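The structure appears right after this line, and notes come after that.
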Amino acid sequence: MGLAELTIGEAAAGLDRGDLSAVELLSAVLERASMTEAELHAFLTIDRDGATRGAEDSDRRRAAGEQLGPLDGIPIALKDNLCTHGVETTCSSQILAGYRPPYDATVVGRLRLAGAVLVGKTNLDEFAMGSSTENSAYGATRNPWDTSRVPGGSSGGSAAAVAVGSALGAFGSDTGGSIRQPAALCGVVGVKPTYGLVSRYGLIAFASSLDQIGPFARSVADAVTLWEAVAGHDPLDATSYRGTYPSPRVDLDKGVKGLRIGVVKELSGEGFEPAVEAATARTVEQLAAAGAEVVEVSIPAVEATLSAYYLIAPAEASANLARFDGIRYGHRAAGATTEEMMARTRAEGFGPEVIRRILLGTYALSAGYYDAFYGKALQVRSLLQAELAEAYAVADVLVSPTSPTTAFEVGAKAQDPLAMYLCDICTIPSNLAGHPAMSVPVGLDESGLPIGFQILAPALGEQVMFRVAAEVERLAGFEARPAMVGALA
Amino acid sequence: MPIDIDIAHVARLARLDLDPEAQSGFRQQLGVILEHAAKVQALDTTGFEASGHPLGFTNAFRPDEVRPSLPTAEVLSMAPESRDGYFVVPPALDQED
Amino acid sequence: MSSIAPGWEAVIGIEVHVELLTESKMFCGCPARFGGEPNTNVCPTCLGLPGALPVPNRTAIEWISRIGLALNCEISPVSVFHRKNYFYADLPKNYQISQFDIPVCHDGWLEVAVDGELVRVGIERAHQEEDTGKSIHVGGGGRIHSATETLLDFNRSGVPLVEIVSKPDIRSAAQARAYAQELRGVILELGVSDAKLEEGSMRFDANISVRKTGAPEFGTKVEIKNMNSFRSLERAIAHEIDRQVSVLESGGRIVQETRHWEEEAGVTQAMRTKEGSSDYRYFTEPDLVPMVIDEAWLDAQRAVMPELPAQRRARYRAMGLEVHAAEVLTDSDPAIRRLFADTVAAGAEPKAAAVWSTGEVTGWLRKNATSLDRIPLTGTDLAELVAMIGSGAVSSTAAKDVLNGMMRGEGSAASVAASRDLLQVSDTVALAAAVDEVLAANPDAIDRFRAGESKVVGFLVGQVMRSTGGKADPQLVNRLLADRLASSP
């Protein structure tokens, strides 16, 4: 089996035993990338030199008996909205073409400290706005299970890279489902932590009250390792949680006996593909058979939640993206005055989806409309939190499909923003509530496309969430590999 | 019922120089999206305050201590135009207060 | 300064921006100092780089609480930051982190002495925000409208700024000036800013309207900017009041606008009008969490607050000083105030102590270009001098010479008076003898006095002064003469 097929756990054990070196591991991963990238386009930047130096340093540290980090020598990919010092960071936008941040995101700094080998920057929907990675200004990423289809989004590049083995793990960001949905569509594990557990310093902001950075991996245990490497208070992020909490690793293999699983009634039915519903139902049955108590819960606000999200996120984004004005960095257009220059720079530099959301957000905040739109959406958010609190009185975790459908064809939803927004119906509630949620691959549909099962937990509920996820993974026995990789094996 | 939007005004507020055709296209799309977003208005949210941080904490401060700034050369190297340590832009006229 | 035309009333509010003298900026650790080379005190946060986040400076919040307490404000138990959204070249994020509807401080007042009267000016609010960078317009003679380019320096971007808004309680330019000066005195006393008008660490805007005396409604208000000294504040407001009255008296209308004070021309000029008023699209800053300011926090501030000008003035008044004298003393150098306090403590009458401290001593120091710390004068010394004047040992005129000697280190009041031969003769017996001698030498004087020639008293006093070599206490001589003249047969 090629080294690129290893999980992080297996690779770390191999490195410890001396069966392989970090340089070899990187080499395998880079080879996998070179064989898949032409079709896949998961990466925007592959930092061969930086990664090689990182791998060599790791091997040197290991040989010298120095203290090693938990990810020492492990090749990791980073979504291109995470600032990497001196390495181009574009958010898949023309407006940041050539931009090299003068600083590392806190998460990136922690990964370096953990000894990770940073392979490169992955493709995304521009400024994380999208559910298919088709909104990238640098070309779409394809789904490794069927390259005529999308990998999901906005972290499509990271999901695809992990799915094919061009990285053993990756990080993305999740604002309305942008880690979980591509994880489901690409057949990998994807986690959105509790809001505030992972520092946002250096994550190029889309919606400040919703964004969280989280890991992609090929196993739940790997996802825990990645989560542990980055979670924790950051004094540079005022929304970062200062309290303590145990690692999810503690309860990981305890199984689900006695746990209460809440099935969200509203996340089914119209718009949900039969295969997805069947896989979800089967997984719930397996959990019941394994000793969990299954209850049905109702979150009536779910539908309104989608609408609230499409007011809150663009409103915050419209302000977060105001800084892209051609003055201090990035693209600058011509203009006789600064005002003209700014307006042209932004119209030229932003793609249509980004412009659409900036206009939407600006409108929702503008005088006369605030109360009806943005103000009301914030109240809906509180209402959702109240309904979820009620649900968690009778359930330890909630479950649903991660996405109503499996991977759709490139171009199928691109012209219909509303259809695209519906992809996020299952994932958005967790972002609005600030709760953790994750996706675990549980099977394939009749076209061989992966189906993801979502586990939701209350704020700071990572322990029980990962515990249920580990059991789901064990019960599903999902071993399939994407067609693209199968051909290489 | 389609929502009427003064798209030129919104584009100006957002400093987006869109040609009339683009403006028209966006106005239409926005109208459709807002119709759906307006579903929030149908919900009875009486008694619900605007939401805050999910973990509900307050007073996240930093001490009044100086930390290293960025090297000026690196800062200016990102600039489309700079001179003598300054960022250079076309005349910036419309000063808001 | 001209006063307002009869039948009209001016309604004035003053907005003051104060830069806080913290070590670091409001939301990042860059030094809160500028001047020096441009763009040397910048970081991702104050430069508005993608991915950067703000974290509030605790000391700034402590200091704004102190400002609120000093201005007798209500302190909001919970307050939040808002984003004020607008695009301008020197505003890196194209939004300013400020406060909108829940400022830290609100509904206070400041007592101001104007022309010997105490007036209470209401304080609407004081809130925390961040300063912008600096723009330098080059080409076209430095005037904005003919510039060829603009240079930007972000050293000042992010410096903590407190905005203090008065209620429209001010009724004249003189009051406005007094208010501004008093406010500056409070700020300086608190030590939270160096409040240098010429350097811009304290800036004012004025809102002015006029109405017919007794009219219930306010007139249209005009905002005046660019007043860089107390004098220009007073001149600008006086001019604007006159301008508005002129316009209205000639049947015109006041346009709600912002006008620029032109110091040299002595007029206010309309600035380029923007289409419509600004829509700042305020929303709660999602990158920050609320601030809870409780009694414990406020008690900690109260414990370290200095005596404020108003309290000091009240204390001096309670000692018996008139309003004007209390004002002068309150505004004096701390060293002079300490001298006054020591002089009173050594037994001197407060009014006299005040007159000598703020008058002769201050004048002497200024004329000799030195300071009190270089002079051996103590409160005990000055009290002795005051007592000698009171007892008639020296005349008030001679006392100035005595002081001169004391300031030069020649010795105590008594020894200087003796060595400089300035002691008055106030020995009643000796003087009575001298008076009798003069009367004996001028036998017709009594007759002339009886005949109504009161001038003869002056002549007789002069004779006594001559016979004592000018050293007689003239008041005592007058008294003795009067007695003799009254009792003579």
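Model, not experiment: these values are computed from the prediction. Keep in mind that the numbers below use all heavy atoms, side chains included, and drop hydrogens, waters and symmetry copies.
Between chain A and the options B/K39, B/E49, B/E74, the largest number of non-hydrogen pairs under 4.5 Å is found for B/E74. Considering only heavy-atom pairs separated by less than 4.5 Å from chain B, the leading option among A/T338, A/V380, A/L321 is A/T338. The greatest number of non-hydrogen atom pairs below 4.5 Å with chain B, out of A/L306, A/T362, A/L236, is found for A/T362. Of the listed residues A/T305, A/L460, A/L359, the one with more heavy-atom pairs under 4.5 angstrom with chain B than any other is A/L359. Annotation: maximal heavy-atom pairing with chain A below 4.5 Å, among B/S82, B/A79, B/G52, B/A50, occurs at B/A50. When each of A/Q385, A/H331, A/H435, A/R242 is scored by its heavy-atom pairs under 4.5 Å with chain B, the top score falls to A/R242. Put simply, of A/G330, A/A372, A/P101, the one with the most heavy-atom pairs under 4.5 Å next to chain B is A/A372.
Contacts of A/P102 with chain B are made by both backbone and side-chain atoms, with heavy-atom separations under 4.5 Å. Only the side chain of B/L55 comes within contact range of chain A, with heavy atoms under 4.5 Å apart. In this structure, the portions of B/V32 lying under 4.5 Å from any heavy atom of chain A include both its backbone and its side chain. Contacts of A/S209 with chain B are absent, with no heavy-atom separation under 4.5 Å from either backbone or side chain. Interface remark: A/A308 contributes backbone and side-chain atoms alike to the contact with chain B (heavy atom separation under 4.5 Å). Using a 4.5 Å cut-off between heavy atoms, B/H53 contacts chain A through its side chain alone, with no backbone atom that close. For A/E348, no part lies near chain B; criterion is any non-hydrogen pair under 4.5 Å. Within the 4.5 angstrom heavy-atom criterion, no atom of A/A322 approaches chain B. Only the backbone of B/D44 comes within less than 4.5 Å of a heavy atom in chain A; its side chain stays farther off. In this structure, the portions of A/L383 lying under 4.5 Å from any heavy atom of chain B include both its backbone and its side chain. Neither the backbone nor the side chain of A/A334 comes within contact range of chain B; no heavy atom of the residue lies under 4.5 Å from a heavy atom of that chain. With a 4.5 Å cut-off on non-hydrogen atoms, A/Y241 touches chain B through its backbone and its side chain both. For B/L70, the part lying under 4.5 angstrom from a heavy atom of chain A is the side chain only. Proximity to chain B (any heavy atom under 4.5 Å) is shown, for A/S318, by neither the backbone nor the side chain. Neither the backbone nor the side chain of B/T46 comes within contact range of chain A; no heavy atom of the residue lies under 4.5 Å from a heavy atom of that chain. Only the side chain of A/H85 comes within less than 4.5 Å of a heavy atom in chain B; its backbone stays farther off. With a 4.5 Å cut-off on non-hydrogen atoms, A/T345 does not touch chain B at all.
Of the possible donor and acceptor atoms, one in the side chain of A/Q379 sits under 3.5 Å from a partner among the backbone N and O of B/F48.
Residues A/K376 and B/T45 have side chains in contact (heavy-atom distance under 4.5 Å, counting atoms from C-beta outward). The shortest distance between side-chain heavy atoms of A/F373 and B/L34 falls below 4.5 Å. Here the side chains of B/L13 and B/H9 are in contact, with some heavy-atom distance below 4.5 Å. The shortest distance between side-chain heavy atoms of B/R83 and B/E81 falls below 4.5 Å.
The closest side-chain donor-acceptor pair between A/T89 and A/R100, if any, does not fall under 3.5 angstrom. In summary, the side chains of A/D211 and A/T175 do present a donor paired with an acceptor at a separation below 3.5 Å, with no hydrogens or angles considered.
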Using the side chain to side chain donor-acceptor pair (under 3.5 Å) rule, take A/Q212 and A/R200 through it: C-alpha gap first, then chi angles, then the decisive distance, then the call. CA-CA 7 Å; A/Q212 269 294 276; A/R200 289 183 299 115; over 6 Å; no

Using the salt bridge (Lys or Arg N to Asp or Glu O under 4.0 Å) rule, take A/E339 and B/R12 through it: C-alpha gap first, then chi angles, then the decisive distance, then the call. CA-CA 10 Å; A/E339 189 166 316; B/R12 168 153 166 73; 2.5 Å; yes

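Ring-plane geometry between A/F324 and A/Y329 is classed as perpendicular, the angle between the planes exceeding 60 degrees on a 0 to 90 degree scale with a lower cut at 30. Relative ring orientation between A/F206 and A/Y309 is described as perpendicular, the plane-to-plane angle rising above 60° on a 0-90° scale split at 30° and 60°.
Heavy-atom contacts from other residues, nucleotides or ligands closer than 6.0 Å to CD of B/Q29 number more than 12.
Ring centers of A/F127 and A/F350: under 6.0 Å apart, within the cut-off.
With salt bridges taken as basic N to acidic carboxylate O contacts below 4.0 Å, one links A/R344 and B/D17.
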